[in-house]
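Just below is one structure, and these are the notes that go with it.
Read the numbers this way: they start at 1 and go in the same order the structure lists the ligands and their atoms.
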Amino acid sequence: MKHFLSVNDVEDIDALVNKALQFKMNPLVSQQIGAGKRIGLVFLNPSMRTRLSTQIAAENLGMKAIVLNVNQDGWMLEFEEGAIMEGSSVEHIKDAAPILGTYFDILGVRTFPGLKDKEADYSEFYLQQFIKYAGIPILSLESATLHPLQSLADIVTIEELFREKRKPKVVLTWAPHVKALPQCVANSFAQWINAWGKADFVISHPAGYELDEQFTKGANIEYNQDTALKDADFIYVKNWSAYQEYGKILSEDKNWMLTRSKLATTKQAKVMHCLPVRRNVELSDEVLDSACSIVTQQAGNRVWAAQTVLAELLKAK
Ligand SMILES: NCCC[C@H](NC(=O)CCC(=O)O)C(=O)O
Ligand SMILES: NC(=O)OP(=O)(O)O
């Protein structure tokens with residue numbers, strides 16, 4: 001694995017999932033493979049789970065992790081080619097990234113979309129420049145369009161909880177939010193579940209919230225949430241802003257919030273969310289505080305997903 005930017009960098013999803021579950025049982029089994037190696041974790045946006053789980057994962061592999069929060073304690077970066085840097089940005093990515101490439105063996109990068117310019121966001125403008133100029137393996141810590149470490153942890157969680165022979169019914173449902181959020185988590189989950197091929201996958205959202213087909217192709221789209229939820233084994237709750245009318249909030253319909261009564265027709269569905277979650281906006285207290293919620297287990301599995309991916313990146317070096 002050269003970089004880890006999407007499911008397309010993965011040869012065998014099942015092998016990664018199994019490896020993650022092995023690390024969960026025995027976290028320190030590969031403490032030598034990262035000895036003497038260093039990962040830089042560059043954040044252009046906030047994070048709790050991704051930052052900490054990747055740091056713990058690195059430590060479990062004997063590797064050192066150093067965090068740089070660009071907007072708080074780094075120089076403001078410029079990404080525009082040919083920019084005349086008279087404004088607030090101090091250092092060009094062309095100058096900064098090669099230096100990071102000499103300090104680290106792997107570079108993790110978090111860059112959210114601006115949600116203004118669809119073409120720039122969907123071309124992964126920022127991430128691509130880190131890839132181009134750092135010259136070392138790049139690990140996506142959530143980019144403009146995808147969040148692959150999250151999706152791997154999500155599949156690990158489904159795999160460890162679902163013990164029946166049939167395929168689980170997995171429903172990704174849109175939820176209301178007060179802000180316009182990226183499509184990353186939803187795009188990435190759809191892309192991974194489709195590539196995995198071991199679930200009966202349904203996506204439910206109000207009209208206008210259709211995601212980019214390059215990620216959702218193969219999923220059933222169901223506009224009626226009640227119909228979508230029927231017989232569900234797993235419900236993944238997530239808000240995203242519109243993709244077609246890019247970055248817009250088109251619905252504030254509170255009926256889309258997942259409540260306990262909506263779980264009645266499911267197969268005692270487990271409820272997932274990547275977190276952070278806005279309580280009583282996206283998901284009700286009664287669901288989050290009940291045994292249906294597996295969000296803590298899901299977030300815990302971020303460590304094993306990150307550890308598996310780091311091990312793969314180290315192996316390829
Ligand atoms: N890394 C997990 C989710 C990150 C981001 N959520 C957020 O920005 C939430 C912000 C808020 O609730 O104000 C998203 O949806 O892609
Ligand atoms: N789920 C997730 O990526 O959380 P953070 O934004 O806290 O890293």
Test item: His205 and Tyr223 side chains (from C-beta on) under 4.5 Å apart, heavy atoms:
yes

Quick check on the hydrophobic clustering: are Leu161 and Leu288 connected, directly or via other members, by side-chain heavy-atom contacts under 4.5 Å?
no

Run the salt-bridge test on Glu78 and Lys94 with the 4.0 Å N-O cut-off and return the result as yes or no.
no

Ligand-residue contact atoms, ligand 1 with Glu142, heavy atoms, under 4.0 Å
1 (N), 2 (C), 3 (C), 4 (C), 14 (C), 16 (O)

The atoms of ligand 1 lying under 4.0 Å from a heavy atom of Lys238, numbered in the order shown, are 14 (C), 15 (O)

d(Ile193 CD1, Thr216 OG1) to nearest 0.5 Å is 13.5 Å

Any non-hydrogen atom of Cys184 lying under 4.0 Å from ligand 1?
no

Residue-level breakdown please: for Leu275 versus ligand 1, do any non-hydrogen atoms fall below 4.0 Å on the side chain, on the backbone, on both, or on neither?
backbone

Any atoms of ligand 1 less than 4.0 Å from a non-hydrogen atom of Phe112? List them with their elements.
4 (C)

Please report which non-hydrogen protein atom sits nearest to atom 12 (O) of ligand 1, along with the residue it belongs to and the distance in Å to one decimal place.
Arg278 NE, 2.8 Å

Taking the inter-plane angle between the rings of Tyr209 and Trp174 on a 0 to 90° scale, is it parallel (under 30°), tilted (30 to 60°) or perpendicular (over 60°)?
tilted

For atom 10 (C) of ligand 1, the protein heavy atom that lies nearest, with its residue and separation:
Lys179 NZ, 3.6 Å

Is the shortest side-chain heavy-atom distance between Gln183 and Ser241 below 4.5 Å?
yes

Does only the side chain of Arg110 get under 4.0 Å from ligand 1, or the backbone, or both, or neither? Count heavy atoms.
side chain

Residues with a heavy atom under 4.0 Å from ligand 2, by chain and number, are Ser47, Met48, Arg49, Thr50, Arg110, His147, Gln150, Cys274, Leu275, Arg302

Contact check, side chains of Phe234 and Thr157, non-hydrogen atoms, under 4.5 Å:
no

Lys/Arg-Asp/Glu bridge criterion (N-O < 4.0 Å) met for Lys24, Glu160
yes

Tyr122 versus Tyr246: any side-chain heavy-atom pair under 4.5 Å?
yes

Under-4.0 Å heavy-atom contact with ligand 1, by part of Gln150 that carries it
neither

Atoms of ligand 1 less than 4.0 Å from His177 heavy atoms?
11 (C), 12 (O)

Minimum non-hydrogen distance to atom 9 (C) of ligand 1, winning option of Val277, Leu181, Asn45, Thr50
Leu181

Do Phe104 and Ile131 share a hydrophobic cluster, counting only Ile, Leu, Val, Met, Phe, Trp and Tyr and linking them when any side-chain heavy atoms are less than 4.5 Å apart?
yes

Between Asp289 and Arg279, is there a side-chain N and carboxylate O pair less than 4.0 Å apart?
yes

